[in-house]
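So that the names make sense, note that chain A is the first sequence line, chain B the second, and so on, each numbered from 1. What you are looking at is a predicted structure, and each value in this text was computed from that prediction instead of being measured.
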Protein chains: 2
Amino acid sequence: MTTRWLTPEEQRAWRAYIAATHLLEDALDRQLQQDAGMPHLYYSILATLSEAPGRQLRMTDLAEALKITRSRLTYAVNRLEKDGLVRRESCRSDKRGSIAVLTDEGMAEVERAAPGHVETVRAALFDHLSEEQVGQLEEICGRITRALEGEDGARPAADDVPWRRRSSPPPCS
Amino acid sequence: MTTRWLTPEEQRAWRAYIAATHLLEDALDRQLQQDAGMPHLYYSILATLSEAPGRQLRMTDLAEALKITRSRLTYAVNRLEKDGLVRRESCRSDKRGSIAVLTDEGMAEVERAAPGHVETVRAALFDHLSEEQVGQLEEICGRITRALEGEDGARPAADDVPWRRRSSPPPCS
DNA sequence: TAAGTTTGTTTCAAACTTGAACCAAGCCCG
DNA sequence: CGGGCTTGGTTCAAGTTTGAAACAAACTTA
């Protein structure tokens, strides 16, 4: 099979994607490191927990929600636990399970850091996109996700995860 | 100033973005680690060099092209140098400077790995996007980049970097 | 031209990530 | 029940990233 190289348009888009994602991750990490002393992923973990019912989630569900590996999550939660922002509880119904619970301190931290984080996300992204483009971005990202998950696991889409269907204040992950 | 929280549409887009970028980076890293024994960034470095005139670039230019920090690049080039894929030369005109040169071995490695990489990028992304969406993606990413670079440095856009204006086979970074 | 600043790059320690290996605890079936 | 397979999580070593500090060569300017 002869390689289907990228067209010039695709190349441009791809390069733009690489550049934008690097810059954006860096900017978010820098801001949160300054403001909350933790990288973006760690904040996302707290934010995700803050939206879950009972402010808790099983490790696997949390990893799945954020699309990260379990071992990465284990390490991160260890740190957050050391900082007192998260606590681990063992699962009653399944003794293998471990549940990450957001502590009051953790919740306070999310609430403290959220405004600055949202502002950064806006400044870097949404303030420069039309409503249409917001929709386009979601659609494009959805396709990427489906392409990569469709492969093996037919996991439910993020918005179908039961604990995702709430309203309430949005710390944005 | 009262926080401008994300709208529900923005939240959805943001979550989709986080998920998609995590999944995509993971997929690319996995594929290249398997196929070429190096993470995506390292391949990007080789690919970028392979397109530069003389297959070489100053460290700073390379870092700028890929939007990564200089220290990250230093580490990566050290590894690639150890592997014999890149060689460092000192800059004649500016004795502070250091130039990364792609070795023949490095070039061969890019050529060997490129097809698989492009295939992965297609499978994860372009095969699922319409031509229109490819344009939208580029536009959106361009805005992110401008938003984040506009801040302090009015650096030239990637496509204006002189050594970018070539034709020739596209290993895609 | 000496002093002070900026620019290009590396260094170092601390923090983070990866992937494979491991340990339970559930599950499945004969 | 008693293997085997699967699932939920953690561990460990090796590799990578970060950010601040260190250096050295170039500029600037008094």
Side-chain angles (χ1 to χ4, degrees), chain A residues 21-23 25-45 56-83 86 88-101 152-153 155, chain B residues 21-23 25-45 56-83 86 88-101 152-153 155:
Chain A
T21 51
H22 279 170
L23 287 171
E25 249 323 90
D26 277 10
L28 292 171
D29 275 339
R30 248 196 318 281
Q31 187 267 320
L32 281 166
Q33 194 67 54
Q34 286 256 324
D35 251 51
M38 66 182 80
H40 181 211
L41 176 65
Y42 292 51
Y43 175 82
S44 295
I45 290 172
Q56 49 180 271
L57 236 26
R58 287 196 51 168
M59 293 297 278
T60 298
D61 295 336
L62 194 43
E64 165 61 18
L66 295 168
K67 310 297 183 197
I68 59 174
T69 62
R70 296 203 214 33
S71 85
R72 193 179 180 185
L73 180 60
T74 295
Y75 179 90
V77 168
N78 283 343
R79 197 257 231 200
L80 294 171
E81 199 170 22
K82 236 165 251 153
D83 295 349
V86 163
R88 261 185 250 250
E89 273 178 24
S90 53
C91 185
R92 199 171 307 292
S93 58
D94 181 346
K95 276 182 216 144
R96 290 168 302 181
S98 174
I99 302 184
V101 187
D152 59 0
R155 309 166 183 107
Chain B
T21 51
H22 280 169
L23 286 171
E25 246 324 88
D26 277 11
L28 293 171
D29 275 338
R30 248 197 319 281
Q31 188 267 320
L32 281 166
Q33 193 68 54
Q34 288 256 323
D35 252 50
M38 65 181 82
H40 180 210
L41 175 65
Y42 292 52
Y43 175 82
S44 295
I45 290 172
Q56 49 179 272
L57 235 28
R58 285 196 52 167
M59 294 296 278
T60 298
D61 295 336
L62 194 42
E64 165 61 19
L66 296 168
K67 309 297 180 195
I68 60 173
T69 62
R70 295 197 217 26
S71 84
R72 193 179 180 185
L73 180 61
T74 294
Y75 180 91
V77 168
N78 283 343
R79 198 256 231 203
L80 293 171
E81 198 169 23
K82 235 166 249 151
D83 294 350
V86 162
R88 259 187 251 251
E89 274 178 24
S90 53
C91 186
R92 199 171 306 292
S93 58
D94 180 346
K95 277 184 216 144
R96 291 168 301 181
S98 173
I99 301 184
V101 187
D152 58 1
R155 309 168 184 104

### Summary
Expected string for nucleotides 8-17 of chain C under the B/S/- scheme (protein heavy atoms, under 4.0 Å, primed atoms plus P, OP1, OP2 as sugar-phosphate) is SBBB---SBB
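- Residues passing the salt bridge (Lys or Arg N to Asp or Glu O under 4.0 Å) test with R79(B) are D83(B), sequence neighbours excluded.
- One atom, NZ of K82(B), and another, C1' of dA14(D), lie 13 Å apart when rounded to the nearest Å.
- If you measure from atom NE2 of H40(A) to atom C1' of dT18(D), you get 17 Å, rounded to the nearest angstrom.
- Residues meeting the salt bridge (Lys or Arg N to Asp or Glu O under 4.0 Å) test with R88(A), sequence neighbours left out: E81(A).
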#### Entry: Audit row: S90(B), K95(B), side-chain contact (heavy atoms from CB on, under 4.5 Å) steps and yes/no
CA-CA 7 Å; S90(B) 53; K95(B) 277 184 216 144; over 6 Å; no
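- Between the CG atom of L57(A) and the C1' atom of dG9(D) there is a distance of 15 Å, rounded to whole Å.
- In this structure H40(A) satisfies the side-chain hydrogen bond (donor to acceptor under 3.5 Å, both in side chains) test together with E25(A), S44(A), sequence neighbours excluded.
- Atom NZ in K95(B) sits about 15 Å away from atom C1' in dC27(D), given to the nearest Å.
- Here E89(A) pairs with R87(A) under the side-chain hydrogen bond (donor to acceptor under 3.5 Å, both in side chains) rule; sequence neighbours left out.
- Judged as a side-chain hydrogen bond (donor to acceptor under 3.5 Å, both in side chains), and not counting sequence neighbours, the contacts of R96(A) are D94(A).
- Atom C1' of nucleotide dT18(C) and atom NZ of K67(A) are separated by 19 Å, given to the nearest angstrom.
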